[in-house]
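Notes for the one structure printed next.
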Amino acid sequence: LKAVFILFITCTLNMAACSQQEAADPVPLVTDYVLPVGLSTVAVQKTHYTTSAPLLFVHLHCNETTAAAVAQTISAKKGLPVVQVKNGNERLIPFRLAADAYRFDPNRMFSDNGIRNNLALYNKTSDAAFSAVKAFRDSVLALLDTGKILVALHNNTNEHFSIVSYQGGEMPVHINSQHDPDDFFLTNDEEIFNRLRDLNFNVVLEEASKVEDDGSLSLYCSRQNIRYVNVEAEHGHMQEQMQMVEALLQLLL
Ligand SMILES: [Zn+2]
C-alpha cells in the first residue's frame, strides 16, 4: 500500500510539473534570415511570440555568449521577442567585396559616421564597402520593432569597460560599490534610470548630446526617440545578468 501511495504521489507531482510547464512555456515563432553584406551573408535570427510584449531583446555580438544564453533563456520563459546576429561566435562581421576582405563591428553601424570610422579602423575605406554595411544595417533595423523598448544584452571583459568609465563624467550615474562595476545598465530613458538607481543597480543615463556619435545602437535609439536599455555584464556573469534582466522586466512588464 505504501509503495502504491508513493507511486501515486510521484505521478501527481509529475503531472503537475508537466501541466505547469505546458502553461508556462509560450510557443516561439523562429525565423532565420540570411542577410547579404557585399558578396557575403550573415545569419540573423528573430524569435517572436503571438502575445504582444512592450520590449524586444537585441543581441548583436555573437561572441558574447553569456548575454546570448540570458537572452534565449528569458525570451523562452517569458515569451519575449529577441533578434540575434548569428555570426559564428565572432564579434566582428567579415565580408568580401570584389577581391577585398572587410570586417566591421555590428554595434558601430547605426550611423553613417559610425560605419565610415569603423571601416577605417579595421580596413581601408571604400564607398562600396560603406554601401554594403549600410544596406545590412537597414535590413537589421527592419527586423527591430522600434515601437518597443529595445533591450540590448552585452558582455564585457573584466575591468576594460565598466560603470567606473562613466564616473565623474557629464552624464548622471549611480554606482553600487557592492556590485561588480562590470555589471551595469545603460539607458537613454530617465524614468528607467531613476527606477534602476532606486533599486541600487549600477546605472548610467546616456545623453546623446554628450557622447560622440560612434554608430552604436544606443545613440541611434536616442536620435530616433526609441527607449533603449543596455544590460551589460562581465563574461560568465550569467546569474548576475539574469537577475539584472529579471529586475528590469519587473519595471517594464
Ligand atoms: Zn557587445
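These figures come from a predicted structure and were not determined experimentally. Heads up: numbering here begins at 1 and tracks the sequence.
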Side-chain donor/acceptor of T73 to backbone N/O of A69, under 3.5 Å: yes

Could you report the tightest heavy-atom contact between A101 and N123, atom names first, then the distance? O-OD1, 4.0 Å

Check: D183 side chain, N202 main-chain N or O, donor-acceptor pair, under 3.5 Å: no

Pairwise distance CD(Q84) to CG(L60) - rounded to 0.5 angstrom: 10.0 Å

Criterion side-chain contact (heavy atoms from CB on, under 4.5 Å) on V204 and I163, from CA distance to verdict: CA-CA 7 Å; V204 58; I163 191 74; 4.1 Å; yes

In the structure I gave you, are the side-chain heavy atoms of Q167 and V164 within less than 4.5 Å of one another anywhere? yes

Just checking, any donor-acceptor pair under 3.5 angstrom between side chains of H154 and E64? yes

Do P28 and Y49 come close enough that some side-chain heavy atom pair is under 4.5 Å? yes

Has the side chain of N107 got a donor or acceptor atom that lies under 3.5 Å from a matching backbone atom of L217? yes

With salt bridge (charged side-chain N to carboxylate O under 4.0 Å, His left out) as the criterion, how do K134 and D127 come out once you've worked through the C-alpha distance, each side chain's angles and the decisive distance to 0.1 Å? CA-CA 10 Å; K134 191 173 173 174; D127 287 346; over 6 Å; no

Scanning both residues in full, the closest heavy-atom pair of I226 with N188 reads O-ND2, 2.9 Å

What pair of heavy atoms forms the shortest contact from D182 to S162, and how long is it? OD1-CB, 3.5 Å

Heavy-atom nearest pair, Q178 first then N176, reads N-OD1, 2.8 Å

Has S40 got a side-chain atom pairing as donor or acceptor with R96's backbone, closer than 3.5 angstrom? yes

Treating Ile, Leu, Val, Met, Phe, Trp and Tyr as nodes and any side-chain heavy-atom pair under 4.5 angstrom as an edge, say whether M238 and F201 lie in one connected cluster. yes

Determine yes or no for a side-chain-to-main-chain donor-acceptor pair under 3.5 angstrom, with N118 supplying the side chain and D105 the backbone. yes

Distance-minimising heavy-atom pair for P106 and I93: CB-CD1, 3.9 Å

Pairwise side-chain contact, L248 with M244, heavy-atom cut-off 4.5 Å (strictly under): no

ring-ring contact (aromatic ring centres under 6.0 Å, His included) with Y102: which of F130, F95, Y122? F95

H48 side, atom NE2; L80 side, atom CG - distance, nearest 0.5 Å: 13.5 Å

Measuring from atom OG1 of T146 to atom OH of Y228, what distance do you get when rounded to the nearest 0.5 angstrom? 14.5 Å

Is the closest side-chain heavy-atom distance between V83 and V44 below 4.5 Å? yes

So, H174 and N200: side-chain donor and acceptor under 3.5 Å apart, yes or no? yes

Count the heavy atoms of every other residue, nucleotide or ligand shown that sit under 6.0 Å from CD of E207, and state whether that count exceeds 12. yes

Can you confirm whether the side chains of D189 and T187 place a donor and an acceptor under 3.5 Å from each other? no

Could you tell me which non-hydrogen atom of Y33 sits nearest to which non-hydrogen atom of L143, and how far apart they are? CZ-CD2, 3.5 Å

Report the C-alpha distance between E190 and R197 in whole Å, list the side-chain angles of each, state the deciding distance to 0.1 Å, and finish with yes or no for salt bridge (charged side-chain N to carboxylate O under 4.0 Å, His left out). CA-CA 10 Å; E190 193 170 2; R197 180 198 57 203; over 6 Å; no

About how many Å separate CZ of R103 and CG of L121, when rounded to the nearest 0.5 Å? 8.5 Å

Is there a side-chain contact between V231 and F57 in this structure, where contact means two heavy atoms from C-beta onward sitting under 4.5 Å apart? no

OG-NZ distance between S222 and K210, expressed to the nearest 0.5 angstrom: 12.5 Å

Backbone N/O of L205 and side chain of Y166: donor-acceptor pair under 3.5 Å: no

Using a 4.5 Å cut-off on heavy atoms from C-beta on, say whether the side chain of S111 contacts that of R223. yes

Nearest 0.5 Å, what's the CD-CG distance between Q224 and L144? 11.5 Å

Exactly one of E232, Q241, H61 should register a side chain to side chain contact (heavy atoms under 4.5 Å, CB included) with L153. Which one does? Q241

Kindly say whether Q45 contributes a backbone atom to a donor-acceptor pair with the side chain of K86 at under 3.5 angstrom? no

Between N155 and H237, do the side chains contain an N or O donor and an N or O acceptor separated by less than 3.5 Å? no

